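This one's a predicted model, so the numbers in the text were calculated from it and none came from an experiment. Along the sequence shown, residues are numbered consecutively beginning with 1. All values below come from the heavy atoms of this structure, side chains included, with hydrogens, waters and symmetry mates left out.
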Amino acid sequence: MSIRADLERWRAAGAISAAQHDAIWTVVRTDRLSVFDELNALLYVGVLVFAAGVGWTVRVHFARLGDAAILLPLTALLTACLTYCFRRAAAYSSAAVPAPSLAFDYVLYLGCLVFAVELWYVEFRFHLLQANWDGYLLASAVAYFALAYRFDNRLVLSLALGTLASWFGIRSSHFEMFAGSMRGPALAYGALVAAAGVSAHHAGVKRHFLETYMHIAVNVLLLALLSGVVEDRYQWSWLVGLLVAGGTAIRAGVWFRRFAFVLYGVIYGYLGVTIYVLPHTGSLPTALAYVVISGTVVIASLVMMSRHRGHES
């Protein structure tokens with residue numbers, strides 16, 4: 001009896017499910033299996049681990065190695081990464097441009113991380129900007145934005161937005177109006193990132209970058225509002241703002257079929273309501289009952305929504 005007949009018999013008897021039958025039959029037929037996502041994940045983790053190792057080596061062994069032994073290899077590696085990218089990349093286009101190879105995006109990302117390590121080391125050793133050292137962050141952010149748009153790389157775009165957030169927070173902390181709290185700068189940064197993403201989208205420049213901008217902006221805005229519920233004495237006003245922003249994220253996620261934004265709105269909104277409600281429950285059993293029941297309802301709702309989204313897709 002053939003293997004296919006055995007599989008059909010096992011499926012009919014309920015020994016294996018239809019999904020298991022299809023998976024086994026795919027292997028039996030020696031069909032090609034896509035490992036694209038797995039390779040991307042391995043490359044991403046590999047680049048991060050390598051960059052972390054370089055940073056650790058520089059930080060721990062700089063005194064023994066010396067400046068030249070650190071700066072020359074870092075510069076050579078950065079130059080090699082950028083040379084590879086400029087030679088292999090297609091011409092710039094405002095539309096989406098596919099990477100010429102699987103490793104291309106990660107070579108560029110590695111170059112950016114090496115650039116960050118080298119800039120940190122230069123300031124650490126030579127103190128060229130002294131009190132204005134955060135200028136390195138701004139310079140890095142500008143360079144990352146330029147490379148992200150030139151090579152159509154969303155990994156580098158995320159790095160640019162994260163670096164800009166660090167610079168924005170440090171500069172904002174110089175003003176007394178933000179003393180003791182990063183909530184104001186976070187709200188301003190989130191609004192700025194959202195506005196920049198929408199503006200670039202309307203201008204027709206790398207429209208597919210909009211989702212990256214919005215992921216960061218929504219998380220920063222919702223987290224800043226949630227911190228107001230946690231820390232501020234005017235909890236209810238921050239809670240109202242959080243629920244409005246979360247509801248907007250949910251509605252946009254449903255409208256544009258982006259479940260991640262639905263998830264953001266639900267999770268941050270639930271956390272805000274829970275933080276506000278728990279102190280008023282009166283007793284530990286009541287608080288535990290609230291957490292169990294409400295958490296179950298939220299999780300079940302998200303599972304149902306995700307399944308409904310999967311059926312629509």
Side-chain angles (χ1 to χ4, degrees), residues 35 37-89 99-174 182 185-186 189 212 215-216 219-220 223:
V35 293
D37 292 339
E38 289 79 2
L39 287 175
N40 274 281
L42 286 174
L43 285 170
Y44 179 70
V45 172
V47 167
L48 288 181
V49 171
F50 180 82
V54 170
W56 178 85
T57 302
V58 170
R59 187 171 182 271
V60 174
H61 299 288
F62 72 91
R64 182 169 60 86
L65 294 174
D67 296 333
I70 289 175
L71 291 177
L72 289 177
L74 289 178
T75 302
L77 181 56
L78 173 61
T79 302
C81 290
L82 293 180
T83 300
Y84 171 84
C85 292
F86 276 101
R87 286 183 175 178
R88 296 293 303 275
S101 67
L102 179 64
F104 181 87
D105 287 343
Y106 300 96
V107 172
L108 179 62
Y109 191 53
L110 174 62
C112 291
L113 294 177
V114 170
F115 176 68
V117 172
E118 189 164 12
L119 274 185
W120 169 83
Y121 184 78
V122 167
E123 177 57 24
F124 171 73
R125 291 289 292 152
F126 306 112
H127 306 290
L128 299 180
L129 296 185
Q130 298 182 4
N132 296 317
W133 64 270
D134 55 302
Y136 285 110
L137 289 175
L138 182 59
S140 299
V142 172
Y144 297 153
F145 275 115
L147 291 172
Y149 276 85
R150 170 61 185 86
F151 296 113
D152 201 340
N153 192 309
R154 276 176 278 198
L155 284 174
V156 178
L157 177 63
S158 298
L159 185 60
L161 290 170
T163 305
L164 182 63
S166 299
W167 176 85
F168 198 90
I170 292 171
R171 296 306 299 176
S172 298
S173 65
H174 293 175
M182 293 304 296
Y189 170 78
T212 301
H215 276 295
I216 292 176
N219 275 285
V220 169
L223 187 59

Give the minimum heavy-atom separation between [X] and [Y], together with the two atoms involved.
X	Y	answer
Ala68	Pro73	O-CD, 3.7 Å
Glu123	Leu128	OE1-N, 3.2 Å
Val220	Ala186	CG1-O, 3.2 Å
Pro185	Phe168	O-CE2, 3.3 Å
Leu113	Ala51	CD1-CB, 3.6 Å
Glu118	Thr75	OE2-OG1, 2.5 Å

Below 4.5 Å, heavy atoms only, C-beta onward: do [X] and [Y] meet side chain to side chain?
X	Y	value
Leu77	Phe50	yes
Leu137	Leu164	no
Leu161	Phe145	yes
Phe62	Asp67	no
Leu71	Val122	yes

For the atom pair [atom1] ([X]) and [atom2] ([Y]), what is the distance rounded to the nearest 0.5 Å?
X	Y	atom1	atom2	value
Ile216	Leu157	CD1	CG	6.5 Å
Asp134	Thr163	CG	OG1	12.5 Å
Phe86	Cys81	CZ	SG	12.0 Å
Leu78	Leu110	CG	CG	9.0 Å

* Show your reasoning for whether side chain to side chain contact (heavy atoms under 4.5 Å, CB included) applies to Val142 and Trp167. => CA-CA 11 Å; Val142 172; Trp167 176 85; over 6 Å; no
* Asked: Can you list every side chain to side chain donor-acceptor pair (under 3.5 Å) pair that touches residues 103-117, not counting sequence neighbours?
  -> Asn40-Tyr106, Asp105-Asn153
* Among Phe124, Tyr121, Trp120, which residue meets the side-chain contact (heavy atoms from CB on, under 4.5 Å) test with Arg59? -> Trp120
* Any donor-acceptor pair under 3.5 Å linking the side chain of Tyr144 with the backbone of Cys112? ->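 At least one qualifying donor-acceptor pair exists.
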